[in-house]
Protein chains: 2
Amino acid sequence: MSNQQLKDAGLKITLPRLKILNILENADEKHLSAEDVYKLLLNAGEDVGLATVYRVLTQFESAGLVVRHNFEDGHAIFELSSEHHHDHMICVDSNEVIEFVDKEIEALQQKIAEEHGYELIDHNLVLYVRKKKS
Amino acid sequence: MSNQQLKDAGLKITLPRLKILNILENADEKHLSAEDVYKLLLNAGEDVGLATVYRVLTQFESAGLVVRHNFEDGHAIFELSSEHHHDHMICVDSNEVIEFVDKEIEALQQKIAEEHGYELIDHNLVLYVRKKKS
DNA sequence: ATGAATGCAAAAACTTTGCATGACG
DNA sequence: CGTCATGCAAAGTTTTTGCATTCAT
């Protein structure tokens, strides 16, 4: 039950929030724009306003339930935050989103920041790729 | 003279294009939004429309003169394309943009893409950092 | 019952486009 | 001179906000 997740996040348990959380948990594609979530809700016969979707997703982000990414095409996508951080690869042909983790890259980023006299707070890495016709 | 760069790019030499190119070459901050460029033009007493700034920057991008980045805050910034590719570090306090290059990271990205059966087309890496109080 | 959450519509921020006028080669 | 570029204003996108109503506790 998702109730607990909302409570833990300090959010009142409301229908729109539950519905949106359910979409994020159960949709095939885990990387959704606000519009995507909105459409999935409509398709499911749920009556939730787009403004609410934006508001709820933003609250989820503040609560750490969800991560927001700004991919290059200008509009944000949201995904449930998994325990382990990961980066993304986007296929330029199919728009498929692939997740990956690489310890070495993470370490290097840390090193680079330090070498410049900075502390690494966060990062954003997206690889744009194309399937190899082996 | 910037005339040649425009010619080489296959673009007609017009005043707005020259002025914008000059801004990009001579401004202190090398990472400018369309609005920034527009304001700098106004401050310099030049009379160029914002729509033209967008059009020209987009043309420059197509011509390879300029690179467009979508930083996380949703609006695009442009910079003259230097010979050597580089990535960016942004100070979360001052919004300062620092450029850096790291061969190892570039190589790793290539490797990761390949391991997943993809060919690396492009990438986008931004580090969010904070100055160390040594 | 009270304060917070929602829905709608309006606005805001950023970017693109249509069209008449003006500039380049 | 013909064509392409410009400026303005209008429209498009994506996201946010104001406000009256509804909902959760």
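Hydrogens, waters and symmetry mates are skipped; everything else that's a heavy atom, side chains included, is used. Worth saying up front: this structure is predicted, and the values here are computed from it rather than measured. Each chain gets a letter, A, B and so on, in the order its sequence line appears, and its residues count up from 1.
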Counting C-beta onward and ignoring hydrogens, is there a side-chain heavy-atom pair between B:Val97 and B:Glu79 closer than 4.5 Å?
no
For residues 22-30 of chain B, which side-chain N or O atoms pair as donor and acceptor with protein atoms under 3.5 Å away, sequence neighbours left out?
unit_1  : atom_1 : unit_2  : atom_2 : d
B:Asn22 : OD1    : B:Asn26 : ND2    : 3.4
B:Asn22 : ND2    : B:Leu18 : O      : 3.1
B:Glu25 : OE1    : B:Ser2  : OG     : 3.4
B:Glu25 : OE2    : B:Gln5  : NE2    : 2.8
B:Asn26 : ND2    : B:Asn22 : O      : 3.2
B:Glu29 : OE2    : B:His31 : N      : 2.9
B:Glu29 : OE2    : B:His31 : ND1    : 2.8
B:Lys30 : NZ     : B:Glu25 : O      : 2.6
B:Lys30 : NZ     : B:Ala27 : O      : 3.2

Rounded to whole Å, please give me the gap between CG in A:Leu32 and C1' in D:dT14.
16 Å
Connected via hydrophobic side-chain network under 4.5 Å: B:Val101 and B:Ile105
no
Without decimals, in angstroms, what is the distance between B:Glu61 CD and C:dT15 C1'?
13 Å
Distance-minimising heavy-atom pair for A:Arg130 and A:Cys91
CA-SG, 4.5 Å
B:Gln109 vs B:Ile112 side-chain heavy atoms within contact, under 4.5 Å:
no
Please identify each residue that fulfils side chain to side chain contact (heavy atoms under 4.5 Å, CB included) with A:Glu35, with sequence neighbours left out.
A:Ser33, A:Tyr38, A:Lys39, A:Leu50
Contacts of B:Thr58 and B:Ile13 projected onto DNA chain C by closest heavy atom; the upstream (5') one is B:Thr58
From CD of A:Gln59 over to P of D:dT16, roughly how many Å is that when rounded to an integer?
12 Å
Linked, directly or transitively: B:Val37 and B:Leu65 (ILVMFWY side chains, under 4.5 Å):
yes
Hey, what bend do you get for the helix from C:dA1-D:dT25 to C:dG25-D:dC1 if you fit axes on five pairs at each end, rounded to 10°?
30°
So which of residues 33-55 of chain A are in contact with DNA chain C, with a heavy-atom cut-off of under 4.0 Å?
A:Asp47, A:Val48, A:Gly49, A:Ala51, A:Thr52, A:Arg55
Measure the distance from CG on A:Asn70 to P on C:dC14 and round it to the nearest whole Å.
13 Å
Integer-rounded Å distance: C:dT16 C1' and B:His75 NE2:
17 Å
Pairing of A:Lys132 and B:Glu114 as salt bridge, 4.0 angstrom limit:
yes
Distances for protein N/O vs nucleotides 1-4 of chain C N/O pairs under 3.5 angstrom?
unit_1 : atom_1 : unit_2  : atom_2 : d
C:dA4  : O4'    : A:Lys12 : NZ     : 3.3

Are B:Val126 and B:His69 close enough that some pair of their side-chain heavy atoms sits under 4.5 Å apart?
no
Hey, what else clusters with B:Leu15 if you join Ile, Leu, Val, Met, Phe, Trp, Tyr whenever side-chain heavy atoms sit under 4.5 Å?
none
If you check the A:Thr14 side chain, which of D:dA24, C:dC14, D:dT6 turns out closest?
D:dA24
How about A:Phe78 and A:Val53: do any of their side-chain heavy atoms sit closer than 4.5 Å?
no
For atom NZ of A:Lys19 and atom C1' of D:dC23, their distance in whole Å:
12 Å
In this structure, how many angstroms lie between the P atom of C:dG25 and the CG atom of B:Leu15, rounded?
10 Å
Report the distance from atom CG of B:Leu6 to atom C1' of C:dG25, rounded to the nearest whole Å.
14 Å
